[in-house]
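Heads up: the structure comes next, in structure tokens.
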Amino acid sequence: MNERIKPNDILTEMNKELDQRIREICIKLFDEEIDPQITRPEEQFGDYSTNVALRLAGKLGKNPAWIAGEISEHLKSNQDLADANVAGAGFINIKLSDQALIKALEEPSSMLFKDKTVVMEFSDPNPFKVLHAGHLYTSIIGESISRIIEASGAKVHRVNYGGDVGLHVAKTMWAILNKLGGEHPDKLNQIPAGERSQWLADCYVEGASKADDSKIATEITGLNKKIYQLHDKSDKSSPFAKIYWTARDWSYDYFEDFYKQIDIKFEKYYAESQVYKLGLEKIKGQIGSVYEESDGAVVFRGEKDGLHTRVFITREGLPTYEAKEVGLAFLKKAEYDFDLSVIVTANEIMQYMQVVQKSISLFAPEMVENTRHINHGVVKLPGGVKMSSRKGNILKAADLIDLAKEANAQQNNSKDPIVSLGAIKYAFLKNRIGGDTIYDPDQSVSLEGNSGPYIQYALTRGKSIISKADSFDSNITIKTLEPAERSLARKLSEYPDVYQSSLNEFAPHYICGYLFELCQVFNRFYESNRVLDDPRSKERLKLVDIYCRILEKGLDILGVEVPEKM
RNA sequence: GUCCCCGUAGUUCAAUGGAUAGAACAAUUCCCUCCUAAGGAGUAGAUAGAGGUUCGAAUCCUCUCGGGGACACCA
């Protein structure tokens with residue numbers, strides 16, 4: 001965690017109370033200050049659990065079971081809250097009184113980031129290139145983490161960053177000029193609006209595939225310079241500039257359409273053309289101290305920090321990706337003065353990013369202190385082939401959405417985009433961020449198993465129960481719990497802890513796992529306990545209502561909408 | 001070659017150094033007069049290998065094997 005937002009207390013209320021009590025007991029009995037590390041164990045063991053006794057055993061040179069016994073005796077002395085017993089090697093298992101458990105159900109979630117300013121950068125597709133499956137994956141991750149942070153009270157600014165200058169643009173421009181037969185911007189009108197994005201993607205593939213030819217490579221290098229010059233001179237009217245800006249707009253128009261489709265909204269699109277001058281300026285100011293000249297280029301020697309040496313300014317005097325990142329970092333800081341900056345990128349970027357961040361930290365440490373990187377893997381289809389944007393055999397983001405739609409139509413006979421989109425989002429978020437993810441369209445839309453539609457369905461079903469009740473008062477207070485009700489209530493009470501974990505680690509998969517488990521517990525309850533037309537109807541409706549609200553909150557954090565009916 | 005990440009049931013994934021390694025799908029055996037069975041209850045099945053640290057290791061360390069990524073003017 002970063003410095004400015006270091007949480008001094010990340011525990012939920014119930015956790016905090018137990019934590020405090022156990023700390024006091026340990027000081028009183030053994031004169032030891034120790035973090036109880038309270039966890040939620042399996043139901044058979046209790047509601048909360050701590051391993052303090054095991055960890056104290058070494059320090060005190062005493063039997064852990066004996067220590068656990070002493071502590072649990074003192075915990076028991078306050079029976080309004082909990083019962084405690086010793087189990088296993090020396091775990092202390094705590095069982096809340098029904099009253100305490102019911103109280104825990106009302107606990108609001110953490111507001112750890114209240115009034116903090118957070119900049120979330122994610123998605124980052126490049127104009128002049130294809131918006132591929134990986135962009136969809138990273139977008140869904142970024143959006144969910146944004147929502148996780150927002151839910152704790154932060155103001156989150158979603159920003160996007162793309163390369164509208166650089167060699168890849170030059171490659172696309174080379175192919176465009178080739179296709180148009182020269183600098184003829186008028187001819188661009190011949191490309192139908194619906195095909196523009198694909199046309200640009202094809203141009204990139206063509207340019208990239210021919211860049212091995214040394215003559216064409218030289219032309220592309222020339223175009224690269226020309227594109228930078230165009231920005232330096234704010235040229236918008238020369239034929240070359242007209243082609244550039246038109247194609248650039250096409251890309252951004254397509255991005256906007258796409259994000260709308262997946263229900264994500266960026267407040268700002270940073271472009272490389274906008275940050276490279278600032279980057280060059282900052283780097284040139286540190287030549288000799290942080291960066292150094294080598295072979296005519298400006299580099300950062302990463303080896304002394306276990307990183308690689310990377311070029312920041314080329315021999316041509318042009319900024320590389322690294323230099324632009326330096327500029328972007330300073331621009332974001334200037335524009336938002338954030339408490340926390342989060343950047344979501346693919347794993348392959350990580351090692352470049354570390355070099356960039358390390359170099360910045362040497363002359364502006366405050367810049368990187370509050371910056372956090374989240375790295376994720378790549379998207380694959382089951383038994384999938386390797387993809388390469390250079391070769392053009394790439395899975396587009398739109399293709400992935402189509403696959404989900406098709407699967408949803410076939411398996412569920414549904415055309416509801418809320419279901420197919422929810423299926424993709426959930427499928428991407430249910431695994432821990434970091435590794436590659438295999439996207440199976442059929443599995444993702446399945447109503448059986450751990451899927452988005454399964455949770456969506458569970459919620460619509462829960463709501464349907466409440467809507468069928470003759471009367472329902474959400475304000476009633478439950479006074480007692482039957483065993484089956486208690487199991488459900490116990491699971492419901494875990495939500496704030498799970499949310500807290502997902503916030504601490506920026507890990508949406510905890511939410512997914514919990515929601516699925518919650519549905520399982522609910523279904524088990526529902527199987528053998530009537531809600532409507534039952535003497536316990538009021539209490540059970542209340543539990544169903546809490547269940548629905550948690551599912552709603554959880555799905556909202558995942559960015560998954562819920563249809564009215566399924 | 002150097003550095004980084006990864007290796008868990010047939011498959012896709014979980015597991016703050018903690019209890020009997022949890023699920024889902026697939027397989028298999030049961031259970032629907034009932035609030036949406038799109039469900040529930042079972043059975044079978046896994047930590048790549050070898051050492052080490054620890055009261056305790058899927059998790060930390062070393063090595064081996066296997067997969068992916070990064071290694072100077074691309075992003």
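The figures here come from the full heavy-atom set of this structure, side chains too, leaving out hydrogens, waters and symmetry mates. Note that this is a predicted model, so its numbers are computed, not measured.
Among the atoms of the strands shown, none is found under 4.0 Å from any heavy atom of A:Ser446. Contacts of A:Gly88 with the nucleic acid, taken as non-hydrogen atoms under 4.0 Å apart, are absent. Residue A:Met566 is in base contact, counting any heavy-atom pair closer than 4.0 Å across all strands shown. A:Leu167 comes within contact range of the sugar-phosphate backbone alone, with a heavy-atom separation under 4.0 Å but no base atom that close. Within the 4.0 angstrom heavy-atom criterion, no nucleotide atom of any strand lies near A:Ala57. Residue A:Arg301 is classed as a base contact, given a heavy-atom separation below 4.0 Å to a base. Residue contacts for A:Arg55: at a heavy-atom cut-off of 4.0 Å it reaches a base atom on one of the strands shown. Residue contacts shown for A:Pro41 include a base, since a base heavy atom lies under 4.0 Å away.
Following rounding to the nearest Å, A:Asn51 (CG) and B:U16 (C1') show an atom-to-atom distance of 10 Å. Separating the CD1 atom of A:Ile38 from the C1' atom of B:U16 is a distance of 13 Å, rounded to the nearest angstrom. Nucleotide B:A70 holds its P atom 10 Å from the CG atom of A:Asn347, rounded to whole Å. The interatomic distance linking A:His376 (NE2) with B:C13 (P) rounds to 16 Å, in whole Å. Going from atom CZ of A:Phe525 over to atom C1' of B:C35 covers 11 Å, rounded to whole Å. One atom, CG of A:Asn450, and another, C1' of B:A23, lie 8 Å apart when rounded to the nearest Å. Distance OH (A:Tyr510) to P (B:A15): 6 Å, rounded to an integer number of Å. Note: CG (A:Asp305) to P (B:U2) measures 21 Å, nearest angstrom.
When the nucleotides B:A70, B:C13, B:A72 are ranked by their closest atom to the side chain of A:Asn431, B:C13 comes out on top. In this structure, the nucleotide among B:A19, B:A15, B:C13 sitting nearest to the side chain of A:Ile438 is B:C13. Closest to the side chain of A:His308, out of B:U16, B:C74, B:A70, is B:A70. Checking B:A24, B:C35, B:A70 against every side-chain atom of A:Tyr526, the shortest atom distance belongs to B:C35. If you check B:G18, B:A24, B:C35 against the side chain of A:Phe516, the one that comes closest is B:A24. For A:Glu527, whose side chain is taken as the heavy atoms from C-beta onward, the closest listed nucleotide among B:G69, B:A37, B:C35 is B:A37. Proximity note for A:Asn523 (side chain, C-beta onward) versus B:G40, B:U20, B:A72: the nearest is B:G40. If you check B:G39, B:C35, B:A14 against the side chain of A:Glu448, the one that comes closest is B:G39. For A:Arg432, the side-chain atoms get nearest to B:A14 when compared with the rest of B:A72, B:A14, B:A24. Distances from the side chain of A:Tyr454 to the nucleotides B:C73, B:G40, B:C35 place B:G40 closest.
Other residues, nucleotides and ligands place more than 12 heavy atoms under 6.0 Å from the CG atom of A:Asp473.
A 4.5 Å side-chain heavy-atom check between A:Asn523 and A:Arg461 finds at least one atom pair inside the cut-off. Proximity of A:Asp416 to A:Ser420: side-chain heavy atoms (C-beta onward) are nowhere separated by under 4.5 Å.
Distance noted for atom P between B:A27 and B:C34: 28 Å (whole Å). Taking the P atom of each, B:A50 and B:U43 are spaced 29 Å apart, rounded to whole Å. Nucleotides B:U8 and B:A14, compared at atom C1', are 10 Å apart to the nearest Å. Nucleotides B:G39 and B:G45 have their P atoms positioned 25 Å apart, rounded to a whole Å. Taking atom C1' in both B:G7 and B:A41, the straight-line distance is 34 Å, to the nearest Å.
Rounding to the nearest 0.5 angstrom, the gap separating the CG atom in A:Asn504 from the OH atom in A:Tyr510 is 9.0 Å. Between the CG atom in A:Asp19 and the CG atom in A:Asp35 there is a gap of 6.0 Å [rounded to 0.5 Å].
With A:Tyr276 as the aromatic partner, A:Lys324 does not meet the cation-pi criteria of under 6.0 angstrom to the ring centre and within 45 degrees of the ring axis. Within the cation-pi definition used here (under 6.0 Å to the ring centroid, within 45° of the axis), A:Arg248 does not qualify as a partner of A:Phe128.
Taking only distance into account, the side chain of A:Glu348 never meets the base of B:G68 through a donor-acceptor pair shorter than 3.5 Å. A donor-acceptor contact under 3.5 Å is formed by the side chain of A:Ser49 with the base of B:A19.
Under 4.0 angstrom from either OP1 or OP2 of B:A15 there lies at least one side-chain N or O belonging to A:His509. At the phosphate of B:A41, OP1 or OP2 sits under 4.0 Å from a side-chain N or O atom of A:Arg524. An OP1 or OP2 oxygen of B:A24 is reached within less than 4.0 angstrom by a side-chain nitrogen or oxygen of A:Gln520. For the pair A:Ser464 and B:U36, the criterion of a side-chain N or O lying under 4.0 Å from OP1 or OP2 is met.
Proximity of a side-chain donor or acceptor of A:Asn93 to a complementary backbone N or O of A:Gly46 within less than 3.5 Å is not detected.
The aromatic rings of A:Phe312 and A:Tyr291 are tilted relative to each other, their planes meeting at an angle between 30° and 60°.
Between A:Tyr454 and A:Tyr457, the distance separating the two ring centers is not shorter than 6.0 angstrom.
Of the two residues near RNA chain B, A:Lys468 and A:Gln37, the one whose nearest nucleotide lies more 5' is A:Gln37.
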* Asked: Could you write out RNA chain B as a dot-bracket string, with dots for unpaired bases, | for bases paired across to another strand, and Watson-Crick or G-U pairs counted at under 3.5 Å?
  -> (((((((..((((....[...)))).(((((.......)))))....(((((..]....))))))))))))....
